[in-house]
Amino acid sequence: MANLTNQDIQERVQALLEKMTLHEKVSLLSGKDAWHTVSIERLGIPSMTMTDGPHGVRSSYPDAGRKAGPTTCFPTGVSMAATWNTELIEQVGAALAEETRGMGCDILLGPCVNIVRHPLAGRNFEAYSEDPFVAGKIGTAWVKGLQSRRVGASLKHFACNNQEVERFRGSSQVDERTLREIYLPHFEMVVKEAQPYTVMCSYNRINGVYASENRHLLREILKNEWGFEGLVVSDWGANHTTIESVKNGLDLEMPGPAKYYGQLLEEGVNIWQIDEADINDAVRRILTILFKVGRFEDEASLPAGSVNSPQHQELARVVAEESITLLKNEGNLLPLRPEGLRRIAVIGPNAAEDRIGGGGSSFVDPPYRVSPLQGLEARLGNKVEIVYEKGCDNWQDPPVIGQDYLQPLTDTGQGLKVEFFDNPNLQGEAVDVLYVPKTEFWMWANSLPAQHVTSPRFSLRASGRLQVPESGEYTLYLSNTAQCRVIIDGKQILEHLSLPSNLAQDRTDTRAEYSLHLESGKAYALVLEFLKDDDLHFAHARLALSRKYQEDENARIARAAQLASTCDVAIIFAGMPEGFESEGADRPHMRLPGPQDRLIEAVAQANPHTIVVLNAGSPVEMPWADQVPAIVEAYYPGQEGGNAIARILLGEVNPSGKLTVTFPRRLEDTPAYINYPGGREVIYGEGIFVGYRYYDKKDIQPLFPFGHGLSYTTFEYRDLTLPQEARIGESVEVSVTVKNTGSIAGKEVVQLYVCDPESSLARPPKELKGFAKVALAPGESKTVKFTLDSRAFAFYDPYQSRWVVERGQFEILVGSSSRDIRLKASLTMA
Ligand code: BGC
């Protein structure tokens with residue numbers, strides 16, 4: 001079967017379609033539950049299984065019967081893009097496919113290619129770039145790799161899903177030219193070059209019409225213009241209509257069971273509101289994907305799955321290493337040379353914990369995490385003295401109670417037993433039991449992990465044994481939808497009923513807290529009860545715990561600075577706490593959370609050799625940037641993060657990551673500043689001037705420009721070669737030679753920008769149209785070649801509704817960042 005041609009598949013699909021009743025056809029167009037499609041036994045049509053993406057397989061608990069357990073956590077989307085290494089990302093795609101298969105799934109819900117429009121958007125860490133060319137190239141590589149192992153991708157979120165404020169209802173108001181030039185080209189590139197099996201349409205509206213029923217986007221552009229032959233699936237809960245959605249191009253409604261499709265859709269056909277041909281088209285698409293992922297074949301004949309293999313873990317480390325971006329390195333403070341060091345201060349809230357990812361559906365629970373402190377200790381332990389001080393906290397929301405604080409109840413380390421009841425008040429016997437690693441639940445009430453819960457009015461009791469590493473004062477924080485209780489050692493200490501949230505803007509819930517003294521070495525019986533007596537589809541409960549320090553903030557900071565003053569070098573690991581950047585919420589501001597800015601300033605004053613390493617998925621303000629000699633952006637580097645960071649700091653690996661988003665000096669400088677976050681409508685008033693296109697046009701000096709990233713070696717550019725003249729419509733060949741002029745091996749990301757100095761419509765001063773990552777030994781030169789097709793010179797003309805290349809002069813700019821252009825040449829379009 002693996003050798004079936006497209007033609008063979010279409011014949012088999014047609015044969016099945018002819019045997020199906022209308023009822024059977026319609027049944028296929030909604031999920032069975034949160035993650036599976038419907039199967040039809042009579043015809044031997046199997047179901048397929050989906051899971052999140054995009055930087056690992058989400059499988060914390062056996063949701064809707066899916067297999068659970070730890071999986072490899074790769075660096076998140078922004079890191080993948082910051083590698084600028086498409087071959088490497090193709091390997092990541094293939095590894096993710098193996099993990100997906102290993103967890104028994106067929107579709108991995110990714111890549112997330114949405115444009116980083118505003119620095120505060122909660123999901124920027126999942127996405128790739130402010131630039132559609134970078135997003136398109138990285139997304140294409142990811143999908144090609146994944147689908148090479150016959151696991152399907154879900155290119156998401158189509159389209160203009162660029163913030164979390166009002167993500168379920170807001171309308172992105174975007175003019176056609178901006179849509180075509182900024183918000184669609186990367187989707188187009190991935191669709192045309194990698195043929196993703198599925199495309200996920202977003203929650204939001206675009207110019208007033210929900211993505212899930214948007215004829216312009218789904219039918220006219222995606223399916224007709226671009227020729228997309230795969231399946232359009234709704235984001236989870238994003239579909240709101242029956243007839244319009246099917247007619248306008250939404251094939252599969254998720255999650256199941258059917259809400260707007262199902263019986264309503266069948267009736268729609270019977271009363272001639274919708275043509276059966278439209279249903280057939282959608283069914284054909286689903287059946288085709290079932291063949292492509294191999295669901296009609298023997299499991300054994302499919303590419304093998306594997307989870308947490310040493311190869312995947314190594315790949316996760318390599319991706320982190322290739323992404324980490326050296327922003328500043330005054331006086332070549334980095335790399336650190338252990339021979340010359342006696343004592344190093346390791347400081348900061350992210351030093352002893354590895355920040356593997358952001359929050360929301362993309363979160364992955366890996367089998368282990370390596371913190372930067374561990375990474376440094378493993379390499380320097382017996383050569384250099386390392387002293388550690390946290391200095392301050394950075395959490396906004398304290399961390400949930402996870403494996404470290406729960407005695408394991410199973411041999412896989414799961415620490416909570418969850419009993420489900422098929423009624424809202426814990427009556428009678430539990431109908432299902434499962435084990436989970438932490439005190440947080442996030443589930444679709446119409447599709448629970450429990451198999452025997454029949455209604456969204458259900459309850460659960462989670463119990464485990466809580467233990468803390470240090471005795472002291474602690475605070476418990478409870479946030480939940482519906483009603484929740486916390487009981488410790490038999491005594492109820494918290495009860496919280498959140499308001500019916502039908503008017504809430506999002507999955508908003510409120511919070512209750514309770515302070516208590518906990519002793520180390522003692523196990524406390526912890527029980528969390530969740531009672532849901534409403535029909536809402538979403539259920540959430542989160543119990544967090546934090547330690548209250550006796551000392552005040554200033555004293556902790558002073559202690560860290562004092563320690564730094566006794567060391568040769570101070571390294572501060574700052575940035576975001578877990579889940580601060582998250583699906584579901586935008587960041588409240590662009591600063592580092594907590595008193596981290598003050599910590600950095602105090603340490604930098606105490607020790608002139610201070611290095612700041614940041615974990616952030618999008619830009620942060622750095623009021624201290626001039627006070628520290630070295631700054632490293634590590635993003636969210638996945639489970640191997642600590643090893644990757646240590647290898648970069650010690651020069652075992654030469655940094656080669658570059659920014660795929662501009663780091664502005666202040667929020668007021670950013671392109672969407674006056675239109676963000678909008679209300680019911682979000683006006684995309686900056687138009688095509690997104691990211692560096694805006695900073696260039698307005699001549700605003702960013703803190704660190706798009707494309708910036710330093711190396712421990714230096715590169716020289718020469719011999720930019722291109723024709724002086726070209727004809728409109730023809731491709732143009734460009735080449736340039738790059739030499740490593742330093743004394744160690746390194747990799748350079750060569751960037752090519754096109755500038756159209758005179759045109760009938762306003763254009764950005766430059767636009768990225770090519771890049772290549774080249775590895776060079778000391779003294780080595782390589783010639784890099786680019787082919788620019790006619791789109792590279794074009795703008796979208798909204799008057800003519802087409803791409804236009806105008807006659808006249810163009811400039812080709814080649815350089816090491818958008819603000820470090822090394823060579824220029826011009827070309828006349830005739
Ligand atoms: C997210 C998607 C995700 C889906 C399934 C949605 O809330 O927007 O990115 O794939 O849930 O978890």
Side-chain angles (χ1 to χ4, degrees), residues 30-37 48-61 63-64 66 71 76-77 96 100 103 105-114 121-128 139 142 146 151-170 172 187 196-205 210-212 231-240 252-256 259 357-365 440-449 481 505-508 536-540 579 581-586 617:
S30 307
K32 178 171 84 182
D33 52 38
W35 306 110
H36 298 90
T37 59
M48 64 182 169
T49 313
M50 304 179 217
T51 183
D52 278 305
H55 50 266
V57 177
R58 172 154 79 121
S59 54
S60 305
Y61 49 81
D63 200 350
R66 254 181 359 195
T71 52
T76 72
L96 285 169
T100 309
M103 297 310 283
C105 300
D106 308 294
I107 304 276
L108 188 64
L109 301 172
C112 169
V113 296
N114 295 110
R123 297 184 85 167
N124 286 344
F125 73 92
E126 280 183 65
Y128 295 139
W142 192 100
L146 188 86
V151 167
S154 196
L155 181 65
K156 68 191 189 181
H157 308 81
F158 192 62
C160 302
N161 186 193
N162 311 101
Q163 63 184 54
E164 295 303 282
V165 174
E166 282 291 7
R167 73 167 177 147
F168 295 127
R169 305 187 297 198
S172 306
F187 282 102
Y197 292 178
T198 79
V199 166
M200 184 191 292
C201 62
S202 53
Y203 284 122
N204 54 289
R205 293 176 294 146
Y210 278 107
S212 53
L231 180 74
V232 177
V233 41
S234 72
D235 198 343
W236 269 227
N239 182 31
H240 305 297
L252 175 65
E253 171 188 61
M254 286 302 286
K259 187 172 177 193
S361 60
S362 68
F363 191 79
V364 175
D365 270 314
E440 181 164 37
F441 309 95
W442 222 70
M443 42 195 143
W444 298 98
N446 58 354
S447 186
L448 289 172
T481 56
Q505 285 209 352
D506 214 294
R507 293 155 176 174
T508 339
L536 296 174
H537 67 296
F538 185 66
H540 178 221
E581 282 184 84
S582 175
E583 176 180 339
D586 288 348

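None of the values given here were measured: they were computed from a predicted structure. Order of listing sets the numbers, starting from 1, for every ligand and every atom in it.
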Pull out every atom of ligand 1 sitting under 4.0 Å from any heavy atom of Arg58, numbered as shown with elements.
-> 12 (O)

Look at the side chain of Asn204 and the backbone N and O of Gly170, then say whether any donor-acceptor pair between them is shorter than 3.5 Å.
-> no

If you count the atoms of ligand 1 from 1 in the order shown, which ones are under 4.0 Å from a heavy atom of Lys156?
-> 2 (C), 3 (C), 9 (O), 10 (O)

Derivation and outcome, side-chain hydrogen bond (donor to acceptor under 3.5 Å, both in side chains), residues Ser234 and Glu253 | CA-CA 5 Å; Ser234 72; Glu253 171 188 61; over 6 Å; no

With only distance considered, is Asp52 within less than 3.5 Å of ligand 1 through an N or O on each side?
-> yes

When you look for heavy atoms under 4.0 Å from ligand 1, do you find them on the side chain of Arg167, its backbone, both, or neither?
-> side chain

Show which atoms of ligand 1 fall inside a sub-4.0 Å distance from at least one heavy-atom site of Arg123.
-> 1 (C), 2 (C), 8 (O), 9 (O)

Would you check whether Met50 reaches within less than 4.0 Å of ligand 1, judged by its heavy atoms?
-> no

So, for Cys201 and Ser212, which heavy atoms are closest and what is the spacing to 0.1 Å?
-> SG-CA, 3.5 Å

Can you sort out which atoms of ligand 1 are near Trp35, meaning under 4.0 Å from one of its heavy atoms?
-> 5 (C), 12 (O)

Quick one: which ligand 1 atoms are inside 4.0 Å of a heavy atom on Met200?
-> 10 (O)

Is any side-chain heavy atom of His540 closer than 4.5 Å to a side-chain heavy atom of Glu440?
-> yes

Would Met254 count as a contact of ligand 1 if the rule is a heavy atom under 4.0 Å away?
-> no

Any His157 heavy atom less than 4.0 Å to ligand 1 | yes

Parallel, tilted or perpendicular: which describes the rings of Trp236 and Trp35, with under 30° parallel and over 60° perpendicular?
-> tilted

Counting from 1, what ligand 1 atoms have a heavy atom of Leu109 closer than 4.0 Å?
-> 10 (O)

Using a 4.5 Å cut-off on heavy atoms from C-beta on, say whether the side chain of Lys156 contacts that of Asp235.
-> no

Val57 backbone acceptor or donor facing Thr71 side chain under 3.5 Å = yes

For Glu126, does its backbone N or O pair with a side-chain atom of His55 as donor and acceptor, under 3.5 Å?
-> no

Determine, considering heavy atoms only, which of Phe168, Tyr203, Trp236 sits nearest to atom 7 (O) of ligand 1.
-> Tyr203

